[in-house]
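One structure is given here, and the rest of the page talks about it.
Lettering follows sequence order; numbering is per chain, from 1. All values below come from the heavy atoms of this structure, side chains included, with hydrogens, waters and symmetry mates left out.
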Amino acid sequence: MTLKNFLFFLPIFISLLFISCDGGIEPATEPLGAAGFSGKVTFNGSWPIGVKRTHLVVFKNEIKTADDFFIPNLSFVSDSIPYNSKEYFYKSIESPYSAIFKLVPGSYSYLVVAQSYTPLITFERKDWFVVGVYCEGGDQNRIKKLLLEPGKITEGVDIIVNFRNPPPQPPGAN
Amino acid sequence: MKKIFFILIIFSSANLFAQGGQIKGKVISDKAQPIIGANVIVLGTNFGAAANETGFFEIYNLPYGKYTLQISSIGYEKKTVSVTISEKPASLTIVLRETVIETEQIIVSAGKYEQKIQDLTVSTVVIQPDVITRKNYQTFDEMLRHVPGVQMTLEQPSIRGSSGYSRGAGARVLVAINGIPIYSGDTGDIVWEMIPIADIERVEVIKGPASSLYGSTAIGGVINIITKSVVKNPITNFRTYIGGYDNPAYKLWNWSKSFREFYGVELTHSNSYENLGYTISLKKFDNNGYRKNDYFKRYITYAKLNYSFSQNNYLTFFFNFLNQNRGNFLYWSDLRENALIDTSSLGNIVKSNRFLSGLIYHHHFNSSFSAELKTSLYRTKFEGYGKEYTASTATLIRGEAFTNYKFSNSFLLTSGVEASYAKVKSNIFKNPFFSNAGAYAQTELKITPELIATIGLRYDFIKLDTIPGKGAFTPRAGLNFKLTKDFILRSSIGTGFRAPTPAEVFTSAAVGGGISVKENPNLTSEKSISFEAGANYFYSQNLFFDLAFYQTDYDNFIEPNLTKEGDIQFINLSRARIQGVELITDWSIIPAELQLSAGYNYMWSRDIEHNKAMKYRPRNILYAQVRYSPAPFDFGIDFRYWSKVEEIDFALTQPPLVLIPDGDKRVQVYVADVMVGYNFLVTSLPAKIYLNIKNIFNYNYIEFIGNIAPIRNASFSLELFF
């Protein structure tokens, strides 16, 4: 091996160096955190006795197994809905948990109103039961996806809760 | 007639002497230290000399003419110098440079006894420390970013993919100073700032599990730092540097109107009085950081005493104290205007004090039997101030005794016992204790002059607070076969184990950025079995290749994981496998002037249970360095490439959690550094200056999610010797 050989390899080395001229990671172009939704929850019938918590919650993916009921799949939690409410108007950006659960543009598979008899929030599937679901044309078997667009608040995301006719429960309930 | 004959003889003799020229000079290292015993040979003649204890040499009676001198010494690059001999004596100052990556040097750590690198059965690299000052690395870990087979993810080292990233909680590479481990008692992490850069003789990097000699933390390999021997002449080294960061590549990221500078000053003095040698070092270095709240201020004091009872029996004591205040940047807030700002941790600071002391007694009973006793005390304390107050104090006491017994020239036995105890007092790791006792033995058998076999076995018993104690046997075996003098084959199979650290088991705290860590008392030790086959080949004196294939299988591999509750918890993965191939070459294109070093590593790492890549392990890593040093100048270019990391902590970066917005943004890594230096030693002025520009193309990349790596920065350094 001689200097001549080195001179052969030098252009390869210099080429590698100049690849570095590509800037690498660039600033994100999409504004973040501006997506959201709003709407109304209507309650029909009598509230179950002893319910301690009622929340509107959004899951990124469907609840196919009890294991899908976990925080990394949870995208939004509303403030606790007062007991015996008949109507509840909400805006996602006003949720006290918006700093923890950040909504970003995209599709969300499961938006429900869930109730619990526990005074504190738990993440055990067995502690919760679904009383209303975001669905197509009032048919609770046809779950509707929530679509959030960049920089927009999707309005009219309404849910009707009929305590006399609860929706099918996702897996993992007692 | 007799008178005439006598006069003729006298005259001719005088004439002969008159035509004999003289060369005299001094051979010194690039730290102005005399190189005792350096060989000076006049090529093509029988003339030559060896440098004395002040580095001085003289050669007499050389016939007038032009000659080439060759100067060499072990551990230094060979140098040739042209010289013209005439009536006037030639006077030279020859500066030899320490070899950057040694291939033939004696090392000690692999088998806890002195062993030539070409006799080893595992891949090992020896690095000379001058690279730290030349490249102006502020901490030791920066240097490791250029060692083939080693990957740094922020401050966490990984040898051949042994570690992902766990923010300092638990290491799989054992870092030791003269064989004394320096992992902290609580988190088990390595505090790189504790390493006394000014007193490093050489660094040995052993790739692959070394648990059979070093125990739990060495499951991925060992980085052993050997400090300098006692000096015979007093030497004072003053080093200072100042530098700053450029503006970020995008205006949107430009958060600071002021210049982001860093600077440091270090004074080291070594001397000896009869049998007592000492080194003291004081250092201060500050860095304002290229990211908001990512500054640090450090003070370090280091001292070493060495007392020689006789030539081979000595006692060494050293201590190192670090005081540090730093910001606590965790992740970017987003990749728009906050790429270099972590708004959630603004104002959070960490104050820490760390004290390490070690005592080594070496006794040479006779040429066949020697023993060494090592004890150390490592006390670490940190306090984190912010939204939550975190604090931890850990005291780690360690003792080891081992012997080397040479039964014959072909059979050597190394055996020892070791024990350690750590006590932690913390509001995030609870207050656990951790104890470990181990015993080991390893033999080296020279079956033939060409074939060396090693067999070793270690047993460890580890107890972590209330968790039931566990024992582990870690056997290993290796072969080294010299096919020819220039072509050496090696192979090894070894087991490793690693006990979880108190931090991995007991951490229960918010770590910032909305992330909490949850304890896992069920965490169990991980085990590994590793195989390596390699070869090194000296194509010529100036061209060297090393090729290695490796595979490591892990059981119960410990990795951080996101729980159902959205917390981070360390868990045991059931199985993981890492396979790879590594090729290294060193090529002295013009000896002592133009050098090319390169290393390529292909690594395939799989979490077998989930059939996906392991986190933070790039498949391809390439390091290349070119150094051109026509005295007194010194030029260097370093290049690093990583392919894009496949697997990261996606759960932290993607909806619905999005704890680190845009955290999945990652690219392949191309980083180029440039160095220019001037060595005044050639002109007898004991000084060196260097200009370094790191990340010269201002390439934006990450080593860990949400953390833009250092942007372009330039520094000027000055080194003086008295």
Side-chain angles (χ1 to χ4, degrees), chain A residues 1-10 12-33 35 57-61 66-77 97 99-110 121-125 148 172, chain B residues 248-253 333-339 344 514 539-540 542-543 562-567 587-590 594 596 598 622 624-626 637 639-641 650-652 654-659 661-662 665-672 674 695-702 708-709:
Chain A
M1 291 277 186
T2 62
L3 187 61
K4 200 173 154 187
N5 297 100
F6 174 71
L7 294 175
F8 172 76
F9 287 109
L10 192 62
I12 299 171
F13 190 77
I14 290 171
S15 306
L16 284 173
L17 290 182
F18 276 90
I19 294 170
S20 320
C21 294
D22 167 18
I25 291 176
E26 295 173 350
T29 50
E30 292 292 329
L32 296 171
V57 291
V58 176
F59 290 94
K60 178 69 182 170
N61 303 308
D67 285 347
D68 293 325
F69 189 91
F70 76 134
I71 283 190
N73 194 24
L74 199 55
S75 300
F76 172 79
V77 178
Y97 307 108
I100 301 169
F101 301 102
K102 297 184 180 80
L103 285 166
V104 294
S107 161
Y108 295 85
S109 299
Y110 197 49
I121 289 184
T122 78
F123 296 100
E124 293 294 326
R125 169 69 190 90
L148 300 184
Chain B
Y250 300 98
K251 273 190 178 175
L252 197 63
W253 294 353
S333 288
D334 59 60
L335 199 46
R336 288 180 58 74
E337 65 271 21
N338 293 314
S344 67
Y539 176 82
S540 70
N542 300 319
L543 181 59
L562 203 67
T563 66
K564 282 179 71 172
E565 290 78 26
D567 297 324
W587 179 16
S588 282
I589 300 143
I590 303 172
L594 181 59
L596 170 71
L622 173 73
Q625 297 162 17
V626 173
I637 301 173
F639 177 76
R640 274 189 294 149
Y641 164 77
F650 284 113
L652 300 178
Q654 291 181 344
L657 269 191
V658 204
L659 286 174
D662 297 308
K665 291 282 188 302
R666 61 202 190 283
V667 290
Q668 43 199 355
V669 173
Y670 301 100
V671 185
V674 174
N695 192 1
I696 192 166
F697 297 112
N698 215 7
Y699 186 80
N700 297 305
Y701 66 100
I702 61 156
I708 295 276

> Of all heavy-atom pairs between Glu26(A) and Tyr250(B), which one has the smallest distance, and what is that distance?
Replying inline: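 Scanning both residues completely, I find the closest heavy atoms to be CG-OH, 3.1 Å.
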>> On a heavy-atom basis, which atom in Asp662(B) and which in Ala28(A) lie closest, and how many Å separate them?
In response: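 Answer, listing the atom of Asp662(B) first, then Ala28(A): OD2-CB, 3.6 Å.
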>> Can you tell me which portion of Tyr701(B) sits under 4.5 Å from chain A's heavy atoms? Options are side chain, backbone, both or neither.
In response: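 Contact with chain A: backbone only.
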>> With a 4.5 angstrom heavy-atom cut-off, is it the side chain or the backbone of Ile696(B) that approaches chain A, or both, or neither?
In response: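 Neither the backbone nor the side chain of Ile696(B) comes within 4.5 Å of chain A.
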